[in-house]
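Here's the structure, in structure tokens; my notes come after.
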Amino acid sequence: MLSLKHLGFSLKNIKNKIMSLDTPDNVAIILTEQAADIKRKIQDLSKAYEEIKLLKAEVLQIQSVDLKKYASIIINLQMGNKFYGLIKHFDEEILNHLYKKFDMESGTAFMNQFIDLNNKTQELQKNNVSPDSKEGQLLAKNFWKMIMDFTDRDMSIFSKLMEIENINKNAIESGEKQMIDMTYIEKALDVYLTKLGINPFMEKTK
């Protein structure tokens, strides 16, 4: 019966469960449960394997040992955040802000909000809806609110995000698929903030 270890059974299971079985149906049930358990482990390992490959690519681009960035990338990969590639551009201030503001649940909720706005942006672009239209301005309003929530209205963080956006544009041009094109959002925000008389770069940092 020790050969059952080859199928992933522990010695405890072999002794306490399998050895006490007395019908083929009972054995089949145990084997079905074991097969399901192994399948889950394979899926988890496959996911971990893919995340390791993606993390390795980011590590080589960071070109420095930065455990905090590595951890942030891993967390975002676990959340399914396809924009994880932006994290390598974050500095210590932004990383510390993220750690203080978000946990796994709130971080996932924020990313879902960001993805929803991104999808809406792509839809408006696809349908050739002008950034200064009613729909474009509603998008800008929601996007600006999200930015303010994300930064806690800290304009120093906002300025750094804009610097990262310039890097983002270069990444798009070089074909880095994890990036997002913010051109439409920028045009919509420019109109929206101008109407409100807001210049975010002139706002005082709180």
Side-chain angles (χ1 to χ4, degrees), residues 54 57-58 61-62 69 72-73 75-206:
L54 295 173
E58 294 300 302
Q61 292 184 53
I62 294 171
K69 282 188 179 181
S72 295
I73 292 171
I75 291 171
N76 279 269
L77 286 171
Q78 290 175 331
M79 291 191 302
N81 175 14
K82 64 180 180 178
F83 305 114
Y84 65 86
L86 288 173
I87 294 172
K88 62 177 169 285
H89 304 300
F90 291 172
D91 65 9
E92 189 75 10
E93 181 183 8
I94 294 180
L95 286 174
N96 287 336
H97 176 74
L98 293 177
Y99 275 109
K100 290 178 182 178
K101 185 173 182 63
F102 298 109
D103 55 20
M104 183 69 77
E105 182 178 354
S106 60
T108 300
F110 175 82
M111 282 313 308
N112 288 337
Q113 180 186 16
F114 181 80
I115 290 171
D116 286 342
L117 287 175
N118 180 43
N119 290 339
K120 182 62 177 178
T121 301
Q122 293 178 349
E123 179 183 339
L124 294 179
Q125 286 180 307
K126 181 179 179 181
N127 294 325
N128 295 316
V129 178
S130 174
D132 61 0
S133 67
K134 180 179 178 180
E135 295 88 345
Q137 288 304 286
L138 178 59
L139 177 72
K141 177 181 178 180
N142 291 333
F143 200 88
W144 182 245
K145 182 180 183 302
M146 183 184 69
I147 291 175
M148 292 296 95
D149 290 343
F150 177 83
T151 62
D152 289 331
R153 307 187 72 83
D154 186 333
M155 290 300 108
S156 67
I157 294 179
F158 174 77
S159 295
K160 289 182 178 182
L161 291 177
M162 293 301 97
E163 292 174 6
I164 292 171
E165 171 55 19
N166 291 329
I167 298 173
N168 179 23
K169 289 178 179 178
N170 293 331
I172 293 171
E173 292 173 0
S174 65
E176 190 170 344
K177 64 181 180 180
Q178 294 94 348
M179 302 294 103
I180 174 175
D181 188 350
M182 297 285 288
T183 303
Y184 184 93
I185 285 290
E186 287 177 347
K187 291 178 180 178
L189 276 175
D190 184 56
V191 174
Y192 176 73
L193 296 178
T194 298
K195 288 181 178 179
L196 293 179
I198 297 175
N199 182 345
F201 296 102
M202 296 298 292
E203 295 284 330
K204 292 182 180 180
T205 301
K206 295 186 178 181

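Taking the side chain as every heavy atom from C-beta outward, Glu186 and Asp190 never approach each other to under 4.5 Å. When side chains are defined from C-beta on, Ser72 counts as touching Tyr99, because their heavy atoms get closer than 4.5 Å.
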| message | side chain to side chain contact (heavy atoms under 4.5 Å, CB included), that's the test. Do Ile87 and Leu95 meet it? Break it down for me. | response | CA-CA 8 Å; Ile87 294 172; Leu95 286 174; 4.3 Å; yes
| request: Mind running side chain to side chain contact (heavy atoms under 4.5 Å, CB included) on His97 and Asp152 for me, showing each step along the way? | output: CA-CA 9 Å; His97 176 74; Asp152 289 331; 3.5 Å; yes
| said: Apply side chain to side chain contact (heavy atoms under 4.5 Å, CB included) to residues Leu98 and Lys101 and explain how you reach the verdict. | reply: CA-CA 5 Å; Leu98 293 177; Lys101 185 173 182 63; over 6 Å; no
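Considering NZ of Lys69 and NZ of Lys88, their distance stands at 9.5 Å, rounded to 0.5 Å. The CD1 atom of Ile185 lies 4.0 Å from the CG atom of Leu139; values are rounded to the nearest 0.5 Å.
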Atom pairs and distances, donor-acceptor, side-chain atoms in residues 140-147, under 3.5 Å, two or more places apart:
unit_1 : atom_1 : unit_2 : atom_2 : d
Asn142 : ND2    : Leu138 : O      : 3.3
Lys145 : NZ     : Asp149 : OD2    : 3.0

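Listed by chain and number, the residues in a side-chain hydrogen bond (donor to acceptor under 3.5 Å, both in side chains) with Ser130 are Asp132 (sequence neighbours excluded). A search for side-chain contact (heavy atoms from CB on, under 4.5 Å) contacts involving Asn127 returns Glu123, Val129, not counting sequence neighbours. For Phe110, the ring pair (Phe, Tyr, Trp, His ring centres under 6.0 Å) criterion is met by Phe102, Phe150, not counting sequence neighbours. By the side-chain hydrogen bond (donor to acceptor under 3.5 Å, both in side chains) test, Glu93 is found to be paired with Ser156, Lys160, residues two or more places apart in sequence or in another chain being considered.
Applying the side chain to side chain donor-acceptor pair (under 3.5 Å) rule to pairs touching residues 104-117 yields Asp103-Ser106, sequence neighbours excluded.
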